[in-house]
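Just so you know, residue 1 is the first one in the sequence shown, and it goes up from there. Remember, it's 1-based here, ligands and their atoms both numbered in the order they're listed.
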Amino acid sequence: MNKSESTIWNECVEIIQKNVNPQSFKTWFEPIKPVKYEDNILTIQVPNKFFYEWIEENYIDLLRLAVQKVMGEKGSLEYQILMDNHRKIGGVNEQKPNDNDEITNPFVIPGIKKIKVESQLNNKYTFENFIEGDCNKLARSAGLEISMKPGITSFNPLFIFGDTGLGKTHLSHAIGNEIITKFPNKQVLYVTTEQFTNQVINAIKSNAINDFMTFYQMIDVLIIDDIQFLANRPKTQEIFFNIFNQLHQNRKQIILTSDRPPKDLQDVEKRLISRFKWGLSADLNSPEYDTRLNILKTKMIQERVNLSEELVEYICHHVKNNVRELEGVLISLVARASLNKTIINLDLIREVVEQFVSTDSKEISVENIKKLVAEHFELPIEKLHGTTRKRQIVIARQLSMYLAKSFTTSSLKSIGSNFGGKDHSTVIYSIKAVQDLMDTDTLFKETVQQLEKKVQLSLTS
Ligand code: ADP
Ligand code: MG
């Protein structure tokens, strides 16, 4: 006859009760609810993680004894931890399809002592499909090294930085995934800085900051993406500082990514920045041509697209800034081709590439425009900042503002401030003056056109 979970649990309770004092029993065992008994596994629900830890710490032998007496040799126990207001902690439960308030943390007595935390890793991001190149050599190999010995190498924290679309997120997931493969018992957790910040806010709101800290102390490998978003969040920084110290002290691995090196992080406390420099900072750069080729070919296999060598080369010659664009081109090619039921030929590729390169291409800075103009007029750059009324300098200055307006997204105000603190009306006036002069002076117009070409060229080189 099959016994129900409550019968089984009651029998266990009888044994337990005889072996602990009434106060402890009341505190630690009364709140436990049996929820399921199946395949020799009794699932019990405990109110929170501390409960679980306390029980594991203090009553594991007794529990084991009771379980085996009641359920036989094969009997085992699973815990379900009610996370209620803690459920957002650690992003543990965010993507769970069954949207109830519980996290099931299966583990079995005797044996494993830990709750399994959902890593939140995307298993599509691996080392295998993270193509190696000069642009990422150091970061990639440091990542591999860490995967073999998390927490033990001197790369702690590993601080990966680089512009957007160069693979920071991919690489950090790859490290996490590799660690899980090699060390299934390690608790790996990936969070974005945004998620982490929200968790801190929620924890503060629900008065659960201690739970929050304890949760993070269970983690063996903590990956936090886009750490630059800690800027201007002093409370989150403080909490993170504490977590960082705890983990680091306990030789747990920390991996951080950022769009800039530690020293350039703005509005982040000095003590944090100095810790970020403790381990290894490794940058990701724009991929060189050969790496672009390799990446594109790998992505083609993934997307099941076949392109001739010539077409692949065309794309890689033109899409240079980052890997996300390279991927974007491929994906829109596939989409366009299937939508219009056409084959992918050079014309289509040109069209798609042009969109990417023109909309997403790097922008020239006001500084570079000033440099080009100063060179053209053979003037020292500082002259463009001054207030000299000398005609040639005035023209060069006005022309620089005109070009800055047409080639950058800077506001009039910020353009003005780039020219020795002029106000926006001066910029408007300058632009108008250039337009007027172009209408009346063909030679000047040619000069402007020449300079526009130079700016264009500097954008595509
Ligand atoms: P970041 O986080 O730096 O903005 P991502 O990690 O999101 O960049 O990378 C953008 C895209 O480019 C992702 O789809 C990623 O898989 C891909 N990618 C980046 N670097 C590589 C690489 N070396 N090999 C293969 N794919 C890459
Ligand atoms: Mg990213």
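Closest to atom 7 (O) of ligand 1 among all protein heavy atoms lies Arg324 NH2, 2.9 Å. Annotation: atom 26 (N) of ligand 1 to nearest protein heavy atom, Lys299 NZ, 3.1 Å. Nearest protein neighbour of atom 11 (C) of ligand 1, counting heavy atoms only, is Glu327 OE1, 3.7 Å. Ranking protein heavy atoms by distance to atom 27 (C) of ligand 1, first place goes to Val323 CG1, 3.4 Å. Here the protein heavy atom with the shortest distance to atom 6 (O) of ligand 1 is His170 N, 2.8 Å. Closest to atom 24 (N) of ligand 1, if we only count protein heavy atoms, is Ile131 N, 2.8 Å.
Ionic pairing of Glu309 and Lys297 is present here: one or more N-O contacts between side-chain nitrogen and carboxylate oxygen are shorter than 4.0 angstrom. By the 4.0 Å N-to-carboxylate-O rule, Arg324 lies too far from Glu327 to be salt-bridged with it. Lys182 and Glu178 are joined by a salt bridge, as a carboxylate oxygen and a charged side-chain nitrogen come within less than 4.0 angstrom of each other. A salt bridge does not link Glu367 to Lys371: none of the charged nitrogens lies less than 4.0 Å from a carboxylate oxygen.
Of the heavy atoms in Ile295, only side-chain atoms (C-beta onward) come closer than 4.0 Å to ligand 1. At a heavy-atom cutoff of 4.0 Å, ligand 1 is contacted by no atom of Glu132, backbone or side chain. Neither the backbone nor the side chain of Thr257 comes within 4.0 Å of ligand 1, counting heavy atoms alone. By the criterion of a heavy-atom distance under 4.0 Å, the backbone of Asn129, and not its side chain, is placed next to ligand 1.
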Would you check, one step at a time, whether the test salt bridge (Lys or Arg N to Asp or Glu O under 4.0 Å) holds for Glu354 with Arg350? CA-CA 6 Å; Glu354 200 175 302; Arg350 275 212 186 96; over 6 Å; no
Give the intermediate values and the outcome of side chain to side chain donor-acceptor pair (under 3.5 Å) for residues Tyr125 and Asn177. CA-CA 8 Å; Tyr125 289 141; Asn177 283 319; over 6 Å; no
Salt bridge (Lys or Arg N to Asp or Glu O under 4.0 Å) evaluation trace for Glu325 with Arg292: CA-CA 11 Å; Glu325 282 176 12; Arg292 296 203 292 275; over 6 Å; no
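Using a 4.5 Å heavy-atom cutoff, the side chains of Ile219 and Leu222 are in contact.
Neighbouring protein atoms of the Mg ion (ligand 2) (N, O or S, distance under 2.8 Å, waters ignored): Thr169 OG1.
For the residues Pro287, Gly167, Ser172, Ser258, the heavy atom positioned nearest atom 5 (P) of ligand 1 is part of Gly167.
The ring-ring contact (aromatic ring centres under 6.0 Å, His included) search around His318 returns Tyr314, not counting sequence neighbours. In terms of the salt bridge (Lys or Arg N to Asp or Glu O under 4.0 Å) criterion, Lys36 has no residue partners (sequence neighbours excluded). Under the salt bridge (Lys or Arg N to Asp or Glu O under 4.0 Å) criterion, Glu310 pairs with no residue, sequence neighbours left out.
Put simply, the residue from Ser411, Ser406, Ser410 that forms a side-chain hydrogen bond (donor to acceptor under 3.5 Å, both in side chains) with Thr408 is Ser410.
Arg140 places no side-chain N or O within donor-acceptor distance of the main-chain N or O of Leu284, the cut-off being under 3.5 Å.
If you number the atoms of ligand 1 from 1 as listed, the ones under 4.0 Å from a heavy atom of Tyr125 come out as 16 (O). Counting the atoms of ligand 1 from 1 in the order shown, those under 4.0 Å from a heavy atom of Asn136 are 23 (N). Near Thr164, with a cut-off below 4.0 Å to any heavy atom, the atoms of ligand 1 are 4 (O). For ligand 1, the atoms sitting less than 4.0 Å from at least one non-hydrogen atom of Asp163 are 3 (O), numbered in the order shown with element in parentheses.
The closest approach between a heavy atom of Asp259 and any atom of ligand 1 is not below 4.0 Å. Within the 4.0 Å heavy-atom cutoff, Gly165 counts among the residues contacting ligand 1.
Taking the six-membered ring where the residue is Trp, Phe244 and Phe240 present perpendicular rings, their angle passing 60° and hence far from 30°. Taking the six-membered ring where the residue is Trp, Phe419 and His385 present perpendicular rings, their angle passing 60° and hence far from 30°.
Checking only distances, Leu171 never comes within under 3.5 Å of ligand 1, N or O to N or O.
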